[in-house]
Amino acid sequence: MSSSIEELARANVRKLVPYQSARRLGGKGDVWLNANEYPIGTAYQLSADTFNRYPECQPQAVINNYASYAGVNADQVLVSRGADEGIELLIRAFCEPGQDAVLYCPPTYGMYGVSAETFGVERRTVALREDWQLDLPAIEQNLAGVKLIYVCSPNNPTGNLLSPTDLRQLLELTAGKAIVAVDEAYIEFAPHATLVPWLAEFPHMVVLRTLSKAFALAGLRCGFTIGSPEMITLLLKVIAPYPLSTPVADIAAQALSPDGVAAMRQRVQTILENRALLVKTLTECDCVEAVYPGEGNYLVFRCSAAAAVFKSLWDQGIILRDQSKQPSLSNCLRITIGTQAENNQVIAALRAFPNAVAAKEFSKEAV
């Protein structure tokens, strides 16, 4: 029976390799630093006490509060089940399966490709340059048939900001040809770099945002798409009737209140301070070869025998993210900025790890 069911599935779904989220990868950790979450939970009280009615498709309090926070009009905001739904809505609205292509630039967030493949839309990649910036000549050569481009800044997993000069050139290059989606999931950690003020100049651009990171609400699954009113009207045609449950809308509205935004900014400041200290201490570990500057709530570092280091920490209940299979990230691990106590545990484990030569021998034996 199971084989016949699989045969009924779409061919592209049968071949699909799903996105390996942090929770799918598992682990039995005490220190979870693999999903770019805020390390401490936040508390909210529900104001709604009945749930017999369907929620609004676009809860007005959430829309108004986010518009105020982002500095745009309410008709420029769409709220969805995380930014991941926003990624998919753009494909639904703009890409013809089997005809159009989506372009993105690895190493970057894996859901761009998974979402395109799920809908039967061609995935086209142009790798970032060695400095993790856009390869504009290569992008220009690969634009035929591309309807939608995803770029991420700060980029996940590398942590760097994309050059604003390059982004402007990309937007000028694609005007009238393709939609450019700028993923700003981590922009609260580098607010000066947002492209939201460019929306009036480039109506074919959209900006993706989330409450999962700086707002410490990854479990809420609440994201936003910011664009022109025309863009939002199109996306409203393909969104689910009730994308946000009443409790989610209730908590999101509270998180986006003036007090909620102020609390978020305090959390960001703490993360930035912890990140600066973690950079310093990581560079002092013998097994760490390089620590790359990052603008998010995470860092990428290169270490000798990354697989062995990753497993050693995993066995101690310290769960990082191995990025070694990503283009240009050989022997690289990504670490979410945790509490100072969690960061100290990581450093202690890395300092206790065998020196680089012993680590390489350990890695060979493990194979």
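Everything numeric here is computed off the predicted structure, so don't read it as measured data. Residues: numbered from 1 along the sequence shown.
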Counting C-beta onward and ignoring hydrogens, is there a side-chain heavy-atom pair between Val309 and Val288 closer than 4.5 Å? no
Evaluate the side-chain proximity of Tyr104 to Ile149: yes if any heavy-atom separation is below 4.5 Å, no if none is. no
Are Lys213 and Glu184 ion-paired here, with the side-chain N under 4.0 Å from a carboxylate O? no
Can you tell me how the ring of Tyr69 sits relative to the ring of Tyr66, calling it parallel under 30°, perpendicular over 60° and tilted otherwise? perpendicular
Donor-acceptor pair, Asn73 side chain versus Gln76 backbone, under 3.5 Å? no
For Leu329 and Pro157, work out which heavy atoms get closest and say how close. CD1-CG, 3.6 Å
Steps toward side chain to side chain donor-acceptor pair (under 3.5 Å) verdict (Ser257, Asp259): CA-CA 5 Å; Ser257 69; Asp259 287 346; 5.4 Å; no
Side chain proximity check, Pro55 to Ser245, heavy atoms < 4.5 angstrom: no
Measuring from Ser153:OG to Leu195:CG, what's the distance to the nearest 0.5 Å? 7.0 Å
Verify side chain to side chain contact (heavy atoms under 4.5 Å, CB included) between Val206 and Ile226, making sure each step is shown before the conclusion. CA-CA 6 Å; Val206 296; Ile226 309 172; over 6 Å; no
About how many Å separate SG of Cys105 and CD of Gln133, when rounded to the nearest 0.5 Å? 11.0 Å
Would you please classify the geometry between the Phe189 ring and the Tyr186 ring as parallel, tilted or perpendicular, with 30° and 60° separating the classes? tilted
If you draw a 6.0 Å radius around CD in Glu284, do more than 12 non-hydrogen atoms from other residues or ligands fall strictly inside? yes
A side-chain contact here means heavy atoms from C-beta on lying under 4.5 Å apart; do Val268 and Asn297 qualify? no
Is it the case that atom CD in Glu172 sees more than 12 heavy atoms from other parts of the structure closer than 6.0 Å? yes
Of Tyr150, Tyr112, Tyr109, which meets side chain to side chain donor-acceptor pair (under 3.5 Å) against Asp183? Tyr112
Side chains of Leu282 and Leu350: closer than 4.5 Å at any heavy-atom pair? yes
Between Gln60 and Glu56, does a side chain to side chain donor-acceptor pair (under 3.5 Å) hold up when you go through it step by step? CA-CA 8 Å; Gln60 203 59 53; Glu56 298 174 82; over 6 Å; no
Taking the side chain as every heavy atom from C-beta outward, state whether His204 and Ser228 have any pair of such atoms under 4.5 Å apart. no
When rounded to the nearest 0.5 Å, the distance separating CD of Gln316 from CZ of Phe353 is 9.5 Å
Set out, in order, the CA-CA distance, both residues' side-chain angles and the distance that settles side chain to side chain donor-acceptor pair (under 3.5 Å) for Tyr298 and Arg321, then state yes or no. CA-CA 10 Å; Tyr298 54 95; Arg321 186 80 179 221; over 6 Å; no
Before you tell me yes or no, could you show the steps for Leu256 and Leu211 under side chain to side chain contact (heavy atoms under 4.5 Å, CB included), namely the whole-Å CA-CA distance, both residues' side-chain angles and the distance that decides it to 0.1 Å? CA-CA 9 Å; Leu256 292 164; Leu211 298 187; 4.1 Å; yes
For the pair Glu117 and Arg123, find out whether any cationic side-chain nitrogen is under 4.0 Å from an anionic carboxylate oxygen. yes
Decide, yes or no, whether a salt bridge links Arg351 with Asp286 under the criterion of side-chain N to carboxylate O below 4.0 Å. no
